[in-house]
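I have placed the structure first, in the form of structure tokens, so that the comments after it can refer back to it.
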Amino acid sequence: MSAMPAAEPPALDPLYVEALATFRDLLAEATTGGDPEPTAMTLATADAQGRPSARTVLLKAVDERGFVFYTNFDSRKGQQLAANPHAALLFLWKTLREQVQAKIEGAVEPVSVAEADAYFASRPRASQIGAWASLQSQTLDARETFEARIAEFETKFESVDVPRPPHWSGFRVVPEMIEFWYGAKFRLHERHRYARVDGRWSKRLVYP
Ligand SMILES: Cc1cc2nc3c(=O)[nH]c(=O)nc-3n(C[C@H](O)[C@H](O)[C@H](O)COP(=O)(O)O)c2cc1C
């Protein structure tokens with residue numbers, strides 16, 4: 001019996017393709033325009049009771065699968081995402097045009113082991129050591145304790161490649177909503193919202 005041909009991946013919804021292209025274009029424009037931290041985004045998560053918290057993280061990858069950031073899975077955000085795997089991301093490009101905001105909401109999933117390993121391997125060695133040494137979000141009694149932990153892991157991994165810590169990896173936000181807010185004079189801003197409902201994307205304007 002001959003092997004079945006591999007199934008074609010489902011065609012991407014053209015509105016989703018448009019939203020991602022718009023995001024990429026704005027990010028590129030913010031970057032070339034001199035935004036000091038164009039990939040910085042506010043990441044909002046909530047615990048199992050729905051109590052929110054937010055912090056800044058860096059966008060490390062974006063493609064049709066979603067928006068990726070890396071962190072310590074034992075951190076507060078990591079624990080919240082384990083209990084409630086949904087997140088919102090917010091970019092504010094203050095120096096772009098009349099200011100532009102991009103908002104992404106969706107379910108969250110861990111990236112693959114291969115992706116996390118590849119990204120971790122690309123980081124500077126000091127950042128790799130830091131990922132082992134930092135008990136992110138836990139109370140630190142004194143700066144010296146952290147410095148001692150850094151020294152400990154520098155010794156442990158002396159003259160070998162630093163492996164990725166088991167608690168350090170990436171999360172991918174799979175978009176259900178992508179919205180662009182374009183600032184305009186006299187507060188007559190424009191909002192374009194793309195949303196996925198029952199697998200289909202729609203696009204509409206929203207009052208600012
Ligand atoms: C510009 C900037 C970029 C940051 N990037 C990251 C990041 O990519 N990953 C991360 O875990 N923390 C990053 N942080 C630190 C987080 O904001 C936060 O302090 C840390 O992740 C602990 O958050 P939590 O206790 O809510 O889990 C960044 C902070 C700033 C100001």
Side-chain angles (χ1 to χ4, degrees), residues 23-24 26-63 65-96 99-147 149-150 153 157 162-175 178:
F23 177 84
R24 284 201 188 92
L26 290 169
L27 178 60
E29 202 181 317
T31 305
T32 52
D35 187 301
E37 201 75 271
T39 61
M41 56 191 184
T42 302
L43 162 71
T45 56
D47 66 14
Q49 286 73 45
R51 287 175 297 213
S53 68
R55 75 293 287 157
T56 311
V57 294
L58 298 180
L59 177 72
K60 289 297 170 186
V62 56
D63 61 21
R65 295 171 298 170
F67 293 70
V68 174
F69 62 91
Y70 287 88
T71 194
N72 185 320
F73 276 40
D74 296 334
S75 66
R76 184 161 183 235
K77 74 181 91 50
Q79 291 180 10
Q80 292 196 342
L81 288 170
N84 182 0
H86 298 272
L89 304 174
L90 190 75
F91 295 83
L92 171 58
W93 294 304
K94 290 187 186 174
T95 56
L96 178 58
Q99 298 199 17
V100 179
Q101 171 177 266
K103 189 155 71 165
I104 294 108
E105 295 175 5
V108 173
E109 60 185 30
V111 303
S112 69
V113 167
E115 275 175 280
D117 285 346
Y119 175 65
F120 188 78
S122 77
R123 302 185 84 208
R125 190 176 170 86
S127 307
Q128 294 175 333
I129 295 285
W132 280 97
S134 173
L135 303 172
Q136 194 177 62
S137 311
Q138 292 188 34
T139 303
L140 172 61
D141 61 349
R143 181 77 193 172
E144 293 71 37
T145 308
F146 185 32
E147 284 164 9
R149 284 180 60 84
I150 292 171
F153 285 105
F157 297 123
V162 182
R164 179 173 62 86
H167 57 263
W168 192 97
S169 187
F171 284 111
R172 173 176 282 114
V173 180
V174 181
I178 300 179

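Both ligands and their constituent atoms are indexed starting at 1 by order of listing. Values in this document were obtained by computation on a predicted structure and should not be read as measured data.
For Tyr70 and Phe120, the ring centers are positioned 6.0 Å apart or more.
Classification of the Tyr119-Trp168 ring pair by plane angle, with boundaries at 30° and 60°, yields parallel.
The protein non-hydrogen atom at the shortest distance from atom 25 (O) of ligand 1 is Ser137 OG, 2.6 Å. Given atom 15 (C) of ligand 1, the protein heavy atom at minimum distance is Thr56 O, 3.7 Å. Here the heavy atom of the protein found nearest to atom 18 (C) of ligand 1 is Arg55 CG, 3.9 Å. For atom 6 (C) of ligand 1, the nearest non-hydrogen atom of the protein is Val57 CA, 3.5 Å.
The shortest N or O to N or O distance between Glu37 and ligand 1 is not below 3.5 Å. Among the atoms of Arg76, some N or O lies under 3.5 angstrom from an N or O of ligand 1. Some N or O of Leu58 is nearer than 3.5 Å to an N or O of ligand 1, by distance alone.
At a heavy-atom cutoff of 4.0 Å, ligand 1 is contacted by the side chain of Gln136 but not by its backbone.
The distance from atom CZ of Arg149 to atom CD of Glu144, rounded to the nearest 0.5 Å, is 14.5 Å. To the nearest 0.5 Å, atoms NE2 (His167) and OG1 (Thr71) are separated by 9.5 Å.
Considering each of Lys77, Gln138, Gln80, the one bringing a non-hydrogen atom nearest atom 22 (C) of ligand 1 is Lys77.
Judged purely by distance below 3.5 Å, without hydrogens or angles, the side chains of Lys77 and Ser53 never pair a donor atom with an acceptor atom. Using modelled atom types, one finds no donor on one side chain facing an acceptor on the other under 3.5 Å when comparing Arg76 with Thr45.
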Can you check ring-ring contact (aromatic ring centres under 6.0 Å, His included) on Phe23 and Trp93, steps first, answer last? CA-CA 12 Å; Phe23 177 84; Trp93 294 304; 5.7 Å; yes

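The ligand atoms of ligand 1 that sit less than 4.0 angstrom from a heavy atom of Thr71 are 10 (C), 11 (O).
Ligand 1 lies within reach of Tyr70, whose nearest heavy atom is under 4.0 Å from it.
A salt bridge links Arg65 with Glu115: at least one charged nitrogen is closer than 4.0 Å to a carboxylate oxygen.
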